[in-house]
Amino acid sequence: MNVENGFVDVPVKAGLDLPAEIRKLKEEKNAAILAHYYTVGEIQDLADFVGDSLALARIAETLDNDIIVMCGVHFMGETVKILCPGKKVLVPDLNAGCSLADSCPADEFEKFVRSHPDHTVVSYVNTSAAVKALTDIVVTSGNAMKVVSSLPADEKIIFGPDRNLGNYINSQTGREMLLWDGACHVHEQFSLEKILELKKEHPQAKILVHPECPKPIRLVADKLGSTAVLLEYAVNDDADEFIVATESGILHEMRRRCPEKTFIPAPPNDSTCACNDCSFMKLNTLEKLYNTLVYEQPEVHVDESIIDEARKPITRMLQLS
Ligand code: 13P
Ligand code: SF4
């Protein structure tokens with residue numbers, strides 16, 4: 001099957017009940033579907049497991065399915081392949097990249113690492129397999145603080161690629177980690193002004209913020225954390241209204257778990273749109289997921305020469321968190 005456009009570019013027959021067909025194919029092929037909270041609701045509803053990047057990595061390791069379909073972005077597919085090299089790992093669209101991972105090209109990161117040979121390298125999971133192979137410990141937004149805090153106080157650390165998360169950890173731990181200057185285009189875009197306007201309209205609302213956001217947004221947070229942490233907070237907190245400053249896909253699960261509460265997406269700066277979407281995550285569609293299961297394409301491959309090196313820092317993270 002030709003996947004030169006990055007996905008199986010075959011029209012899906014009109015009138016197909018796609019959710020039913022996908023469920024059938026999943027059973028027939030002993031496939032598991034993993035979905036990140038930022039994918040569209042209809043994919044989250046079909047997935048066997050929905051989670052943040054830490055939870056999905058943990059689950060992937062435990063699966064005995066022959067095929068794992070990762071509905072998220074490319075580095076998430078790579079992480080699954082690195083942890084499960086013997087399985088067929090599929091993604092609906094290989095074009096689903098990540099601006100944060102792209103802000104850290106492996107060759108430039110290697111120069112940075114080599115110029116600080118006495119530093120431990122801690123990298124956020126939003127990186128390519130090649131960057132992971134240069135890393136000592138991988139972290140996610142769900143465990144970064146815990147992992148960094150577990151290292152001896154005098155250990156010199158390079159942290160990449162997210163400068164906002166790195167800054168936040170430095171501010172909380174008093175460390176002076178050397179930061180790679182990368183960022184996510186979605187989380188950098190939130191408008192403080194618009195968030196404060198929303199807060200005026202909804203004075204009782206709690207503000208939920210992902211640590212990939214810049215400091216001015218982090219400072220107005222009632223709760224700061226990974227997508228899973230923000231979700232649990234929304235479920236357990238007494239407030240009825242929440243302003244959510246992370247990718248808008250998470251609102252699907254928040255609304256599903258708390259139908260009686262109101263969730264308001266925080267708006268970005270330069271847009272008339274009320275919410276903030278990751279265009280890469282939104283490349284995962286039901287049609288592409290269906291074709292992926294039918295044709296078992298496109299497959300994620302990780303270079304044999306780096307896969308073992310890339311696994312070590314992920315395994316270390318899973319042991320530490
Ligand atoms: P989580 O670690 O919260 O899943 O976030 C992943 C991500 O891509 C954030 O933009
Ligand atoms: Fe990457 Fe940002 Fe999209 Fe997360 S929201 S996958 S960090 S581009």
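The shown structure was predicted, so the numbers you read here are calculated from the model rather than taken from an experiment. Just follow the structure's listing: the first ligand is 1, and inside any ligand the first atom is 1.
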query: Are there more than 12 heavy atoms of other residues, nucleotides or ligands under 6.0 Å from atom CD of E28?
result: yes

field: D17, CG: over 12 other non-hydrogen atoms inside 6.0 angstrom
entry: yes

For ligand 1, find out whether one of its N or O atoms is nearer than 3.5 Å to an N or O atom of [X].
X	value
E212	yes
D52	no
S226	no

message: I'd like to know if E110 and R114 make a salt bridge, using a cut-off of under 4.0 Å between side-chain N and carboxylate O.
response: yes

Carboxylate-amine/guanidinium contact D66 K87, below 4.0 Å: no

- request: Give a yes/no verdict on whether any heavy atom in E247 is under 4.0 Å from an atom of ligand 1.
  value: no

query: Is it true that M281 lies under 4.0 Å from ligand 1, counting heavy atoms only?
result: no

- prompt: Is NZ or CZ of K206 both nearer than 6.0 Å to the six-membered ring centre of F242 and within 45° of the ring axis?
  reply: no

- prompt: So which bit of Y38 gets within less than 4.0 Å of ligand 1, heavy atoms only: side chain, backbone, both or neither?
  reply: side chain

- prompt: Which of the atoms in ligand 1, numbered in the order shown and given with their element, are less than 4.0 Å from a heavy-atom of S141?
  reply: 1 (P), 2 (O), 3 (O)

Numbered atoms of ligand 1 (with element) below 4.0 Å of H36, judged on heavy atoms: 1 (P), 4 (O), 5 (O), 6 (C)

Output field: ring centroids H185/F280 closer than 6.0 Å: yes

query: Between F112 and W180, is the ring centre distance below 6.0 Å?
result: yes

- prompt: Are any side-chain N or O atoms of D48 and backbone N or O atoms of A32, one a donor and one an acceptor, separated by less than 3.5 Å?
  reply: no

- line: Distance filter < 2.8 Å from atom 2 (Fe) of ligand 2, protein N/O/S hits 1

- prompt: For atom 8 (O) of ligand 1, which protein heavy atom lies nearest, and how many Å away is it?
  reply: N126 ND2, 3.1 Å

Taking atom 5 (O) of ligand 1 as the reference point, the nearest protein heavy atom with its distance: H210 NE2, 3.5 Å

task: Might you point out which heavy atoms bring C184 and E212 nearest each other, and give the distance in Å?
output: CB-OE1, 3.4 Å

statement: Between V186 and E247, the two heavy atoms sitting closest are CG1-CG, 4.2 Å

task: State, yes or no, whether a side-chain contact exists between E188 and P214 at a heavy-atom distance under 4.5 Å.
output: yes

query: To which of S99, G51, S53 does the heavy atom nearest atom 2 (O) of ligand 1 belong?
result: S53

